[in-house]
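The next block holds one structure in the form of structure tokens; read it before the comments.
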Amino acid sequence: MLSRTRILGSVSRLGASHRFASTKSLKETLQEVIPGKQAQLKKLKAEHAQTVVGDVKVENIIGGMRGIKAMLWEASVLDPNEGIRFHGLSIPDVQKVLPAAPGGKEIIAESMLWLLLTGQVPTEAQTRQLSRELAEKGDLPPFVEKLIDSFPATLHPMTQLGMGVAALNHDSLFQAAYEKGMKKTEYWTYMLDDCINLIARLPALAARIYRNVYNPGTPLPALNKDLDLVGNYSTLLGFGDNHSLTEYLRLYIALHGDHEGGNASAHTAHLVGSTLSDPYLAYSSALFALAGPLHGLANQEVLRWQLAMQAEIGSDVSHEQIKEYLWRTLKSGQVVPGYGHGVLRNPDPRFTALQEFCDARPELQESSIIQLVKKTYEVAPGVLKEHGKTKNPYPNVDATSGCVLYHYGLKEFKYYTVIFGVSRALGALTQLVWSRALGLPIERPKSLSMDALEKLIK
Ligand SMILES: CC(=O)SCCNC(=O)CCNC(=O)[C@H](O)C(C)(C)COP(=O)(O)OP(=O)(O)OC[C@H]1O[C@@H](n2cnc3c(N)ncnc32)[C@H](O)[C@@H]1OP(=O)(O)O
Ligand SMILES: O=C([O-])CC(=O)C(=O)O
């Protein structure tokens with residue numbers, strides 16, 4: 001593990017303005033940081049616009065653009081072997097330096113958001129100030145409550161979340177200012193205001209969906225202005241007195257916040273936002289990408305698959321029995337959910353951090369579902385290597401994220417991707433602010449038909 005001194009070094013390596021933040025607000029801090037980034041981009045354009053940093057092969061074009069370096073994304077970069085770094089900080093680094101909730105130990109959404117947006121580690125006071133701001137802005141407009149309440153309980157929670165987020169654009173400050181004719185230099189400030197308002201409203205929106213689908217008629221408490229975002233979310237879900245689950249949700253939501261720009265949800269937000277669509281519409285689109293089983297929905301699929309395994313072969317199973325079950329899944333032409341990755345080539349450090357959370361808690365050590373996930377991890381990479389298709393036979397974060405929720409009583413696994421959706425807003429919305437601050441253009445890559453491609457090859 002890195003020493004605190006080395007982590008502080010890593011934070012300060014980000015530049016003179018990226019040391020530990022002062023007493024400034026989030027907007028004031030960004031105001032200070034933005035000119036330096038704008039100058040960096042100007043220099044890159046002036047000195048390196050024609051510098052070649054990679055080449056494009058036919059396999060990239062037909063292979064989902066895998067491997068092409070094609071987007072600017074400021075808050076995080078994913079290394080295939082080491083995993084994600086947020087402004088240069090690894091997961092163990094952020095676990096050391098980012099403020100937790102009062103009485104808690106895990107990173108919270110606010111401190112992660114501050115780091116993602118500014119590249120700085122917030123002080124305790126700044127974190128609390130942001131928590132209060134989010135709680136004060138967190139109520140839903142009554143028409144959105146009515147809209148959500150009108151959905152049938154059988155409508156998938158992710159569809160409800162995406163529709164609710166899109167409807168919140170009724171109040172978009174960015175869109176209103178655009179209609180009035182704001183200057184390009186003002187884009188980012190309205191974008192920031194919208195992004196903060198959206199993040200603030202996600203707990204009330206996501207919890208209302210949970211209440212309507214799984215506990216209809218149960219009253220929803222008012223937001224507590226002294227709680228952090230996830231503390232409030234957990235309370236609204238009905239788990240506020242379960243400290244372990246609340247802490248787990250804090251860690252889960254902070255760690256899923258950003259995974260560089262090319263993943264399907266973040267990229268969707270970036271693409272839609274590049275048309276100057278407001279952040280509610282951009283993030284709503286991202287949520288529908290997250291709702292696919294190869295991406296965010298895999299966390300629901302993992303649990304469904306592990307429970308089916310448990311129902312078929314029992315809880316106290318041998319490695320050999322799990323191997324046979326894995327082979328049955330593969331031979332039936334299905335993917336093993338929670339394994340493989342588009343970029344990672346080692347176990348996902350988010351998976352490792354969530355496993356460490358389990359290892360530190362005796363009640364989780366005794367949980368049959370958590371033990372089954374662990375045993376599966378012990379044999380799945382070997383089976384997937386032997387199967388020989390996937391480039392990465394190791395677990396991704398979805399392999400473990402749901403089982404802790406399940407153990408602590410949040411058992412409705414069709415809801416799990418909504419929690420991921422509350423989290424991914426932190427990174428996707430951060431980049432929308434940066435895209436507007438840097439004046440990035442509309443995204444428009446070149447496509448080719450197979451005939452056009454063959455012509456090019458000749
Ligand atoms: C938060 C997240 O989004 S993390 C990802 C969550 N998704 C999952 O866990 C679903 C299971 N995993 C997968 O489907 C894939 O590994 C993905 C979608 C994550 C990555 O896809 P790719 O980058 O295309 O993976 P890769 O290049 O290794 O795929 C090569 C082949 O291996 C297969 N493969 C990849 N992962 C798996 C798996 N877990 N089980 C079985 N086969 C797999 C692919 O389907 C592909 O088969 P094909 O040649 O018949 O089309
Ligand atoms: O990076 C990816 O492609 C998928 C992923 O793990 C994420 O979005 O969190």
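One-based numbering along the sequence shown. Every number for a ligand or one of its atoms is a count from 1 in the order of the listing.
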Would you say Arg250 and Ile107 make side-chain contact, with heavy atoms under 4.5 Å?
no
Ring center gap for Phe351 and Tyr377 short of 6.0 angstrom:
yes
Ligand 2 contacted by Glu260 (non-hydrogen, < 4.0 Å)
no
Ligand 2 versus Arg350, non-hydrogen atoms closer than 4.0 Å: side chain, backbone, both, neither?
side chain
Does the N or O separation between His341 and ligand 2 drop below 3.5 Å for any pair?
yes
Does Arg424 come within less than 4.0 Å of ligand 2, judged by its heavy atoms?
yes
For the pair His256 and Tyr252, name the ring-plane relationship: parallel under 30°, tilted 30 to 60°, perpendicular over 60°.
parallel
Taken in chain and number order and not counting sequence neighbours, the residues that satisfy ring pair (Phe, Tyr, Trp, His ring centres under 6.0 Å) with Tyr248 are Phe357
Go through the side-chain N and O atoms of Asn263 and Ser265 and say whether any donor and acceptor fall under 3.5 Å apart.
yes
Close aromatic pair by centroid cut-off 6.0 Å: His259 and His295
no
Show the numbers, then the answer: is there a ring-ring contact (aromatic ring centres under 6.0 Å, His included) between Phe174 and Tyr187?
CA-CA 7 Å; Phe174 181 85; Tyr187 284 178; 5.7 Å; yes
Atom pairs and distances, ligand 1 N/O vs protein N/O under 3.5 Å:
{"residue": "ligand 1", "atom": "3 (O)", "partner": "His295", "partner atom": "ND1", "Å": "2.7"}
{"residue": "ligand 1", "atom": "7 (N)", "partner": "Leu294", "partner atom": "O", "Å": "2.8"}
{"residue": "ligand 1", "atom": "9 (O)", "partner": "Gly338", "partner atom": "N", "Å": "2.8"}
{"residue": "ligand 1", "atom": "9 (O)", "partner": "Asn396", "partner atom": "ND2", "Å": "3.0"}
{"residue": "ligand 1", "atom": "12 (N)", "partner": "Tyr339", "partner atom": "O", "Å": "2.8"}
{"residue": "ligand 1", "atom": "23 (O)", "partner": "Arg66", "partner atom": "NE", "Å": "2.9"}
{"residue": "ligand 1", "atom": "23 (O)", "partner": "Arg66", "partner atom": "NH2", "Å": "3.0"}
{"residue": "ligand 1", "atom": "24 (O)", "partner": "Arg66", "partner atom": "NH2", "Å": "3.0"}
{"residue": "ligand 1", "atom": "27 (O)", "partner": "Lys391", "partner atom": "NZ", "Å": "2.8"}
{"residue": "ligand 1", "atom": "28 (O)", "partner": "Thr390", "partner atom": "OG1", "Å": "3.4"}
{"residue": "ligand 1", "atom": "28 (O)", "partner": "Lys391", "partner atom": "N", "Å": "2.7"}
{"residue": "ligand 1", "atom": "32 (O)", "partner": "Thr390", "partner atom": "N", "Å": "3.3"}
{"residue": "ligand 1", "atom": "36 (N)", "partner": "Thr390", "partner atom": "OG1", "Å": "3.4"}
{"residue": "ligand 1", "atom": "39 (N)", "partner": "Val336", "partner atom": "O", "Å": "2.9"}
{"residue": "ligand 1", "atom": "39 (N)", "partner": "Tyr339", "partner atom": "O", "Å": "2.8"}
{"residue": "ligand 1", "atom": "40 (N)", "partner": "Val336", "partner atom": "N", "Å": "2.9"}
{"residue": "ligand 1", "atom": "50 (O)", "partner": "Lys389", "partner atom": "NZ", "Å": "2.7"}

Closer than 3.5 angstrom, by distance alone: can the side chain of Thr329 be matched with the main-chain N or O of Tyr325 as a donor-acceptor pair?
yes
Among non-hydrogen protein atoms, atom 1 (O) of ligand 2 lies closest to His259 ND1, 2.8 Å
From the candidates Asn263, Leu78, Asn396, the one that places a heavy atom nearest atom 3 (O) of ligand 2:
Asn263
Do Trp327 and Glu386 have side chains that get closer than 4.5 Å, going by heavy atoms?
yes
